[in-house]
Amino acid sequence: MQIYNQSRLINLLKFALFVLVIGFLSCNEKQPADINKPNILLIFTDQQNSYAMSAAGNINLNTPAMDLLANQGIMFKQAYCTSPVCGPARSSIVSGKMPHQTGVEWNGQSMHENVITSGEILRENGYKTVWGGKWHLPESYPQRKAAKNKEIKGFDVLPFWNPEEPRWFLGAETDPPLTESVVDFLNKYDEEKPFFLAVSYHNPHDICMYARKDGWVTEEDSLLEIRHYGFKYKLPDVMGEYPGNIKNLPPLPFNHPIEKNEPEFITDKRKYHNEYGLETKLANAEFTELEWKGYLNAYYRLTEMVDTEIGKVLTALKENGLDGNTLIIFTSDHGDGATAHKWAAKLSFYEESAKIPLIISYPGRIPSGTVNQKNLVSQIDLLPTMLDYANIEYPKPLTGKSIKPIIENSSSEWRDYLVVELADYKKDPTRKGRMVRYKQFKYNLYTSKEEQLFDLKNDPGEIHNLLLSNDYENIRNECRKKIQEWAQATTDSFAINILKP
């Protein structure tokens with residue numbers, strides 16, 4: 001009898017504790033009605049490469065918000081964009097398809113009408129879908145008064161700045177008010193349905209303005225002025241002072257020199273302004289070593305600026321009790337040359353431009369502080385991953401696939417290669433390239449028929465083109481087969497035609 005009473009008392013205490021815990025959670029967390037459909041928060045920057053985070057081991061900048069996400073989730077070290085250009089990459093993020101499938105191979109293009117967006121799919125499955133910030137498909141900001149397309153298919157557009165404002169091209173100006181609006185959305189969110197909120201920041205894209213200089217850094221004057229469409233602003237106002245003095249600028253990377261025997265397809269961009277690429281042309285024509293260091297420093301300061309904004313969003317998520325049931329994906333649309341190979345901005349297959357940061361966090365479902373060095377992942381995998389965690393079965397085929405299996409077990413069956421596209425001159429639509437990352441190798445093929453092959457394990461700086469010798473023909477042929485296979489699977493006419501026997 002005594003044993004029975006003790007057991008009953010213990011069970012009652014356990015039940016009381018359970019009720020207390022549930023009551024505490026219900027008071028402090030805004031849970032969606034269906035816990036099998038978590039909130040989804042997609043945060044991405046513009047033009048941030050995979051090494052531009054202190055979490056990636058970079059000691060030349062400090063990104064505590066990005067580091068926090070890395071500590072709370074999994075960071076993928078082999079993540080690539082689908083194209084090192086804003087619009088094409090963004091079309092893949094929202095559709096799970098490659099740029100040649102979405103119809104956006106160059107900036108300024110709209111997606112094909114039959115392309116279904118993540119907003120449409122998640123909205124149909126009970127989500128509140130909201131887009132905040134830069135869109136670029138084709139409008140950079142639909143909210144602008146001058147924008148021809150005011151709506152985003154499948155999303156409510158989050159207002160965050162005065163539509164009458166004439167300047168919408170600097171992240172230093174648009175990112176802070178975007179954060180304010182996002183925080184306000186999270187503070188006021190009281191719907192039972194889960195949300196899918198995309199927060200698209202502009203920076204560190206302002207680095208594109210750096211080469212379009214008006215004044216410049218000297219030993220006597222460490223202040224910069226940039227002119228863009230007649231508007232000047234001083235970098236210290238938006239990027240912070242140079243650290244200490246000029247001698248303390250970040251060092252240039254070991255692969256700063258231009259690759260020997262670089263294909264003319266790439267070298268031409270250093271000489272001519274082919275619509276996109278003015279930054280690289282100006283930098284190669286005018287930069288001294290000091291100016292290259294200044295570029296790198298400004299790039300890191302801009303990244304720190306956007307990290308501050310991300311930190312405010314994460315704080316609001318936590319303060320509103322939303323962090324416990326929110327899948328967070330952090331990434332960027334593409335990278336930046338960051339002075340490697342004397343490259344500024346984007347539009348190349350070099351690792352600095354093609355690789356992107358990718359961190360995924362979901363408390364209790366994704367192990368914290370995990371780094372995946374092994375698996376090749378792409379932007380086309382983001383939408384399938386969201387749908388997988390939201391328990392949504394989508395009947396129409398997507399080109400990408402869910403990352404969830406390799407999050408749970410990195411040894412799960414996965415792809416052994418991925419493809420990146422490049423179309424760098426809209427006025428010459430035949431000017432294109434394809435990159436395949438296969439095992440430890442990277443193979444690049446251009447319409448000029450020029451090729452590059454790098455062993456990234458032994459040559460991470462992409463300094464030695466292995467095709468200058470005849471010892472790697474087997475690897476070259478394997479990579480070409482992969483591109484052919486991919487072209488057939490995705491109906492990529494460019495790759496099919498250029499690889500014809």
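Here the closest non-hydrogen pair linking Thr63 and Met53 is OG1-CA, 3.5 Å.
No cation-pi contact links Arg437 to Tyr80, judged by a cut-off of 6.0 Å to the six-membered ring centre and 45° from its axis.
Ring geometry for Phe160 against Trp168 counts as perpendicular: the plane angle is over 60°, on a 0 to 90° scale with 30° as the lower cut.
Of the inter-residue distances, the one linking Asn284 atom CG with Glu279 atom CD reads 12.0 Å to the nearest 0.5 angstrom.
Defined by atom type and a distance below 3.5 Å, a donor-acceptor pair is missing between the side-chain atoms of Ser92 and Gln379.
Applying the ring-ring contact (aromatic ring centres under 6.0 Å, His included) test to every pair with at least one member in residues 373-414, sequence neighbours left out, gives these pairs: Tyr362-Tyr389.
For Glu351, the salt bridge (Lys or Arg N to Asp or Glu O under 4.0 Å) test picks out Lys355, Lys442, with sequence neighbours left out.
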task: Decide yes or no on salt bridge (Lys or Arg N to Asp or Glu O under 4.0 Å) for Arg123 and Glu120, but give the supporting numbers first.
output: CA-CA 5 Å; Arg123 177 172 286 183; Glu120 291 177 285; over 6 Å; no
- request: Verify ring pair (Phe, Tyr, Trp, His ring centres under 6.0 Å) between Phe454 and Tyr443, making sure each step is shown before the conclusion.
  value: CA-CA 7 Å; Phe454 300 107; Tyr443 171 74; over 10 Å; no
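Using modelled atom types, one side-chain atom of Asn71 and one backbone atom of Asp67 make a donor-acceptor pair closer than 3.5 Å.
Applying ring pair (Phe, Tyr, Trp, His ring centres under 6.0 Å) to His341 and the options Trp292, Phe254, Tyr350 leaves one that passes, Tyr350.
A distance below 6.0 Å separates the ring centres of Tyr210 and Tyr295.
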